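Just below is one structure, and these are the notes that go with it.
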Amino acid sequence: MSEKFTITLAIDSSLVKYFIEAGHEDEEHVAGCLIDFVADFLNDTRYPLAAKRTGEREILLKYQLRAFADPIF
């Protein structure tokens, strides 16, 4: 089995500013909301993927066989 493959996602300050102007408390709250959003987006049941937040700024993405899922490729 191969080791964990890491991908880094950088959020531009313009998106953080947009969230704060929309009423979010501070940058930490914005970061938490964005991590939750990305995890939910990646956990879309149309694909055989499972995503869950595993840390303050970490999401674990893995293959999840689902009979009704579209193939990735």
Side-chain angles (χ1 to χ4, degrees):
M1 187 162 146
S2 63
E3 294 183 32
K4 182 168 68 171
F5 183 76
T6 303
I7 298 172
T8 302
L9 174 67
I11 304 297
D12 186 76
S13 62
S14 63
L15 184 57
V16 175
K17 181 181 176 186
Y18 172 77
F19 269 70
I20 290 173
E21 288 174 354
H24 291 272
E25 301 164 14
D26 54 31
E27 288 187 15
E28 285 303 312
H29 187 251
V30 170
C33 290
L34 285 170
I35 296 294
D36 290 340
F37 168 75
V38 172
D40 289 344
F41 181 79
L42 292 171
N43 199 39
D44 187 336
T45 58
R46 291 180 292 170
Y47 299 100
L49 299 173
K52 72 175 190 173
R53 186 176 183 169
T54 57
E56 184 178 329
R57 294 187 178 199
E58 184 174 301
I59 297 171
L60 177 63
L61 182 63
K62 60 184 174 179
Y63 179 75
Q64 172 93 26
L65 181 60
R66 296 177 177 155
F68 53 85
D70 292 335
I72 297 173
F73 302 104

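When a residue number appears, it is its place in the shown sequence, counting from 1. Since this is a predicted model, take the numbers as computed values, not measurements.
Listed by chain and number, the residues in a side chain to side chain contact (heavy atoms under 4.5 Å, CB included) with Asp44 are Arg46 (sequence neighbours excluded). With sequence neighbours excluded, the residues forming a side chain to side chain donor-acceptor pair (under 3.5 Å) with Ser14 are Asp12, listed by chain and number.
Contact between Ala50 and Asn43 at its shortest, heavy atoms only, is CA-OD1, 3.3 Å.
Note on Leu60: it does not cluster hydrophobically with Leu42, by side-chain heavy-atom contacts below 4.5 Å among ILVMFWY residues.
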Show me, pair by pair, the donor-acceptor contacts under 3.5 angstrom made by side chains of residues 26-40, not counting sequence neighbours?
from, atom 1, to, atom 2, distance (Å)
Asp26, OD1, Glu28, N, 3.1
Asp26, OD1, His29, N, 2.9
Glu28, OE2, Arg57, NH2, 3.1
His29, ND1, His24, ND1, 3.1
Asp36, OD1, Arg53, NH1, 2.8

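Between the CG atom in Leu49 and the CD atom in Gln64 there is a gap of 9.5 Å [rounded to 0.5 Å].
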